[in-house]
Protein chains: 2
Amino acid sequence: MRKVVSSGQPTIKEIAKRLNISVSTVSRALHDHHSIGLRTKARVQQLAAELGYERNQTAIFFQQGKTFTIGILLPELSEAFFSSAISGIEDTAYSNNYTVLLGQSHDDEAREKQIIQSMKQHRVDGCIVSIGKNTRNYEHFEMLRQAKIPVVFFDRIPDLPNIHSVSCNLESGTVQAVDFLLKKGHRVIGMINGPEQLVASKERAAGYMRALHKHRLKYDPELIVSADLTAAGTAEAMKQLLSLKRKVTAVVTFNDYVAMDAVQYALKQKLEINKDITFVSYANTPVSSYTAYPPAASVEQFPYEQGQAATNMLLSILNGDHDFNDYQQLIMESQLVLHT
Amino acid sequence: MRKVVSSGQPTIKEIAKRLNISVSTVSRALHDHHSIGLRTKARVQQLAAELGYERNQTAIFFQQGKTFTIGILLPELSEAFFSSAISGIEDTAYSNNYTVLLGQSHDDEAREKQIIQSMKQHRVDGCIVSIGKNTRNYEHFEMLRQAKIPVVFFDRIPDLPNIHSVSCNLESGTVQAVDFLLKKGHRVIGMINGPEQLVASKERAAGYMRALHKHRLKYDPELIVSADLTAAGTAEAMKQLLSLKRKVTAVVTFNDYVAMDAVQYALKQKLEINKDITFVSYANTPVSSYTAYPPAASVEQFPYEQGQAATNMLLSILNGDHDFNDYQQLIMESQLVLHT
DNA sequence: GCCAATTACGCAAACGCTTGCGTGGTTAAC
DNA sequence: GTTAACCACGCAAGCGTTTGCGTAATTGGC
């Protein structure tokens with residue numbers, strides 16, 4: 001039999017042989033088991049230290065059927081929102097002695113499936129996933145369910161019945177945003193919204209309307225325009241808004257990128273930002289405050305905290321704090337942040 | 001003996017039992033081994049498919065002493081530069097059938113050590129690491145070396161003799177940047193540099209001087225000022241530069257954030273950007289082009305490509321393409337990108 | 001029709017570790 | 001002095017897979 005690997009790393013066996021005791025005694029000594037004499041314990045631990053012994057995790061993972069590893073699947077690692085989220089996930093995983101296995105789907109369903117497959121094969125204890133834009137088929141998650149690997153969905157959540165999830169309620173944040181503008185005296189407030197099929201767009205629109213309703217103002221459909229989030233689309237949307245009879249003095253934009261494009265357009269029209277027109281946006285990027293004309297306020301979605309929350313949820317599931325069928329859905333509140 | 005885990009996942013044994021053949025035959029059949037009859041192969045593969053059999057990677061990792069996993073340790077996952085790098089690393093790891101284990105040090109040496117320790121215990125095949133700002137002690141990397149786990153350092157490289165590394169040469173990029181300004185007719189070019197002890201600052205200064213030398217211009221020390229990268233520090237630096245007798249018409253700033261702060265200051269002084277004064281910067285953020293006054297050009301450091309390169313280097317080491325003592329250092333060229 | 005080569009499969013060890021159970025030996029309780 | 005409790009340790013199975021080697025049965029060459 002060929003020795004596959006000789007990594008030179010000392011094993012429990014070696015220690016046992018050198019000390020003329022059994023491996024089980026060594027193992028227990030290393031775990032500070034009560035049934036091992038103080039003398040033997042000390043001898044074992046000392047020799048282990050001398051040899052630079054380190055437990056072979058792969059062996060333990062295999063033997064225990066648990067890896068203390070969580071898989072995290074996101075569409076795009078380099079997007080600011082997600083990278084903050086990863087940061088939050090890694091931090092809380094780390095402090096609970098879990099490790100993080102990473103994969104990005106690039107919004108490609110096939111790759112998403114392969115990564116899930118790979119994570120399943122790696123025997124991760126659980127997953128945190130944000131699905132791709134184009135994912136329509138959820139059979140890969142069904143496989144995880146059958147393998148009894150719990151999944152917490154996060155931010156981008158599939159339309160499935162029984163799932164754990166963490167997401168951010170943009171509606172309440174939008175209410176706050178519109179409230180803010182109303183209190184500043186604005187009465188004609190436009191909104192550049194995203195594609196209508198997105199949940200995120202629906203929540204924004206709902207928040208907009210709820211805020212108006214709260215203030216007993218009537219809703220003018222012309223004031224919400226859907227755009228495709230490109231610079232050109234945003235310019236077009238701005239043009240529409242500015243051509244209305246009622247003079248729009250404030251605009252809620254879908255995200256910071258749209259806000260920046262909208263600002264550009266407004267400047268070209270010789271409008272003075274924060275005087276002729278005020279923008280409020282959603283915080284997708286930490287650098288928006290560095291721009292020449294940052295939005296007056298933005299709705300923060302706390303990606304880092306969402307990552308933390310998702311991880312905590314997963315860990316509590318892994319700890320068996322809940323029934324397997326007790327599906328949890330945490331909806332975090334977004335919050336308006338003023339850019340003074 | 002208590003059965004630790006029953007995950008329900010079918011094993012090779014099960015298949016063997018059901019088919020009344022030995023496990024070795026099943027294993028070989030699953031690997032398409034030539035010594036297995038076509039008939040048996042087919043029967044095995046079919047049953048495996050029916051049962052939804054999936055190889056237990058943890059068992060294989062353990063048995064083979066190899067995990068096909070690379071550890072990646074970075075200071076801060078949410079920084080744009082690093083998150084792009086991760087993206088590049090994950091992409092190339094993925095296409096080579098490796099998986100990525102993630103950790104962030106938050107520039108904390110103790111945490112860095114713990115993560116390295118954890119990765120070592122996980123028996124990663126290799127590591128890619130960017131060290132923390134404050135790391136002075138490198139014994140944790142020495143341990144990796146002893147465990148024969150190869151490490152490729154990346155971007156933030158320790159001052160050690162025999163290491164593999166990938167980094168970006170900012171000097172040449174700076175030469176290009178200053179060249180660009182000189183060709184545009186600027187003759188008095190300022191530089192807001194970072195703290196002097198940083199390698200990155202030294203490279204920038206060197207590039208600045210080399211470009212001047214190339215054009216047979218003399219170097220005026222007053223034109224390079226060191227700042228602390230805060231908004232206030234940048235304003236102070238700008239003030240210094242603008243108060244010089246010779247009228248500064250262009251400034252090379254340490255990074256995009258500094259550039260944005262500098263722009264703000266210039267605007268307050270009623271200077272017209274790209275007319276009275278032109279900025280050139282280093283690309284740390286993908287959104288700088290969204291700002292009202294992006295720098296006229298910026299030195300791109302290609303974090304994604306650096307990530308790819310580091311991964312490829314690590315994989316080639318793992319493949320045994322080089323001697324263990326053949327230390328590789330790849331220095332990538334940065335490149336000036338014009339923002340038309 | 002004999003030997004060699006080939007085909008098709010099984011045996012069993014090994015990877016490193018954990019853990020239920022068994023077993024001598026000592027101590028304490030009555 | 002007998003029984004019970006406890007202490008300190010060893011035995012051995014088992015986790016799922018791979019793989020060197022052994023071995024029947026079949027085939028082919030001459």
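In this text the structure is predicted, and so the values were computed from the model without any measurement. Throughout, a chain's letter reflects where its sequence line sits, starting with A, and its residues are numbered from 1.
Residue ring and base: A:F62 counts as stacked with D:dC15 (centre distance below 5.5 Å, interplanar angle below 30°).
A heavy-atom distance below 4.5 Å is not found between the side chains of A:Q329 and A:I157.
Positionally, the nearest nucleotide of DNA chain D for A:S22 lies more toward the 5' end than for the other of B:I12 and A:S22. Nearest-nucleotide positions on DNA chain C for B:S35 and B:A59 put B:S35 closer to the 5' end. Nucleotides of DNA chain D nearest to A:V23 and A:I36 differ in position, and the one nearer the 5' end is that of A:I36. Residue-to-nucleotide proximity on DNA chain C shows that, of B:L38 and A:N56, the 5′-proximal contact is made by B:L38.
The side-chain tip of A:R123 does not point at the ring of A:F61 from less than 6.0 angstrom away and within 45° of straight on.
The interatomic distance linking A:Q63 (CD) with C:dC17 (C1') rounds to 5 Å, in whole Å. Here the P atom of nucleotide D:dA8 and the CG atom of A:L19 are 17 Å apart, to the nearest Å. The distance from atom NZ of B:K17 to atom P of C:dG10 is 15 Å, rounded to the nearest whole Å. A:R123 places its CZ atom 9 Å from the C1' atom of D:dG16, with the value rounded to the nearest Å. Rounded to an integer number of Å, the gap from NZ of B:K41 to P of C:dT7 is 11 Å. Here the P atom of nucleotide D:dT17 and the NE2 atom of B:H33 are 17 Å apart, to the nearest Å. As a whole-Å value, the separation of B:Q64 CD from C:dG16 P is 13 Å. Distance B:Y53 OH to D:dG16 P: 10 Å, rounded to the nearest Å.
When the side-chain nitrogen and oxygen atoms of A:K13 are compared with OP1 and OP2 of C:dC15, one or more of them lie within a distance under 4.0 Å. At least one side-chain nitrogen or oxygen of B:H31 sits closer than 4.0 Å to the OP1 or OP2 atom of D:dT18. Taking side-chain N and O atoms only, B:S27 has a distance below 4.0 Å to OP1 or OP2 of D:dT18. When the side-chain nitrogen and oxygen atoms of A:T25 are compared with OP1 and OP2 of D:dC9, none of them lie within a distance under 4.0 Å.
Within 4.0 Å (heavy atoms only), B:T58 reaches no atom of the nucleic acid at all.
Counted by atom type alone, A:T99 and B:H122 present one or more donor-acceptor pairs between their side chains at under 3.5 Å.
Remark: the A:R28 side chain and the D:dG10 base include a donor-acceptor N/O pair separated by less than 3.5 Å. Contact of B:S24 with C:dC11 (side chain to base): a donor-acceptor pair of N or O atoms is detected under 3.5 Å.
Between A:F153 and A:F141, the ring planes lie perpendicular to each other; the angle is over 60°, past the 30° to 60° tilted range.
Using a 4.0 Å cut-off between a side-chain N of Lys or Arg and a carboxylate O of Asp or Glu, A:R145 and A:E142 qualify as a salt bridge.
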